[in-house]
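Hydrogens, waters and symmetry mates play no part in the numbers below; they use all other heavy atoms, side chains included. Per chain, numbering begins at 1; letters A, B, ... match sequence-line order.
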Amino acid sequence: MLKIATWNVNSIRVRAPTVLEWLHQEQPDVLCLQETKVEDDAFPSDAFFQAGYYATLYGQKQYNGVAILSKHPVTDIQVGWAPMRKEALGPSVDNAYRLVAATTGGVRVMSVYVPNGESPASPKLAYKMAFMKQLRLYLDQCADPSLPCALVGDFNIAMEGRDVYSTEAMEGEVAFLPEERAALADLQAWGLHDLFRKYHTGPGLFSWWDYRMGSFRRNIGLRIDYIFTTASLTARANGCHIDTAPRQATQPSDHAPVVATFSE
DNA sequence: ATGGTGGATCTTCCA
């Protein structure tokens, strides 16, 4: 059995004890992290190594930062758009420490943190859209849909109406704009399955809840964290769920981990 | 109507 998870931890410094406890309990083979918010030298790699995990890092001070923790040896590490052909790089779409890829446990794993976008009128939304376009080109050039691949992370976009707490409230709001959802669909069209929806069809199932206004208690949330898998990996899947327990704990991240299991 | 909370480079920026 192979267990792969993703979790936006909103600062690994603050969340390291929580993540270590979760790893101890859940024993995933791979845990992809987003919003680590530390330079690689400051990442608590030793603590994770002691817990049985190799840490593959791509972080900076203060903002963003992604990582892949794995029990298995890691090869072919790539960060950001580095492996892309120069002529295919869009007009200076900064990768901003938002993508790290590595092969581990027989799977090409990509941990991504898509920009938030802020609001419909913000230049940050234009950056988000450019990032999504660049990510699709990255898949075209640097990954192979015929191989077992897992593109996971915080995409900051809810796919469908059932992925938001209220379609009325989210109408015209960032994370649920038609152009964002189209960009996510275009990403999937490369050859990816939204694994969670293979097992759960209902509404009200979210991966993120605002820290404010008691959103978690009221289940006012969005499903914006995904495990996307290529066909050969999808075929091996046994289950996929969102673990809401860490969101209930003290000093939580605003995101919950998404977990998937596969046959060997 | 524009708050509410949390993290970090904390009279601000980002989510």
Side-chain angles (χ1 to χ4, degrees), chain A residues 6-22 32-45 47-48 57-67 80 93-100 111-132 135 152-159 163-166 168-177 179-181 183-184 206-226 242 244-258:
Chain A
T6 181
W7 195 358
N8 178 323
V9 291
N10 187 16
S11 169
I12 195 63
R13 283 187 219 260
V14 171
R15 226 68 66 196
T18 307
V19 175
L20 284 163
E21 188 187 348
W22 190 81
C32 293
L33 303 175
Q34 299 85 37
E35 280 205 270
T36 52
K37 297 184 175 180
V38 286
E39 288 176 302
D40 298 350
D41 289 349
F43 194 98
S45 300
F48 289 102
L57 309 173
Y58 188 46
Q60 65 179 345
K61 271 188 189 174
Q62 194 173 10
Y63 305 127
N64 310 333
V66 285
V93 182
D94 190 348
N95 72 67
Y97 300 88
R98 293 175 181 275
L99 175 66
V100 62
S111 176
V112 67
Y113 174 45
V114 173
N116 173 286
E118 192 188 24
S119 66
S122 173
K124 291 177 187 173
L125 179 63
Y127 170 58
K128 181 183 195 174
M129 298 305 297
F131 186 95
M132 287 297 289
L135 186 58
V152 311
D154 175 5
F155 291 77
N156 269 313
I157 301 169
M159 190 107 51
D163 298 313
V164 303
Y165 67 93
S166 161
E168 288 172 8
M170 287 302 293
E171 176 85 37
E173 295 291 328
V174 80
F176 196 57
L177 298 172
E179 60 263 43
E180 295 179 273
R181 294 160 65 193
L184 196 55
F206 307 129
S207 65
W208 172 87
W209 302 258
D210 200 301
Y211 280 122
R212 297 165 287 192
M213 298 179 289
S215 298
F216 181 70
R217 179 177 47 78
R218 297 156 59 208
N219 200 30
I220 305 295
L222 304 173
R223 193 174 71 94
I224 54 176
D225 300 86
Y226 299 88
I242 297 168
T244 54
R247 186 62 180 82
Q248 292 175 264
T250 52
Q251 207 176 20
S253 167
D254 44 354
H255 295 253
V258 187

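In this structure, the nucleotide among dG4(B), dA8(B), dG6(B) sitting nearest to the side chain of Gln62(A) is dA8(B). The side chain of Met213(A) has dG3(B) as its nearest neighbour among dA8(B), dA15(B), dG3(B). Comparing atom distances between the Tyr211(A) side chain and each of dG7(B), dG6(B), dG3(B) picks out dG6(B) as nearest. The side chain of Asn116(A) has dA15(B) as its nearest neighbour among dA15(B), dG7(B), dG3(B).
Taking atom CZ of Phe155(A) as the reference point, atom P of dA15(B) lies 17 Å away to the nearest angstrom. Here the C1' atom of nucleotide dA15(B) and the CZ atom of Phe216(A) are 19 Å apart, to the nearest Å.
The side chain of Lys61(A) contributes no N or O atom lying less than 4.0 Å from OP1 or OP2 of dA8(B).
Remark: the Tyr127(A) side chain and the Asn116(A) side chain contain no N/O donor-acceptor pair separated by less than 3.5 Å. No side-chain donor-acceptor contact under 3.5 Å links Asp154(A) and Gln34(A). Side chains of Asp254(A) and Trp209(A): a donor-acceptor N/O pair is absent below 3.5 angstrom, by distance only.
Within 4.0 Å of Glu118(A), counting heavy atoms only, lies no atom of the nucleic acid at all.
Aromatic ring pairs are classed by plane angle as parallel below 30°, tilted from 30° to 60° and perpendicular above 60°; the pair Tyr226(A) and Phe155(A) is perpendicular.
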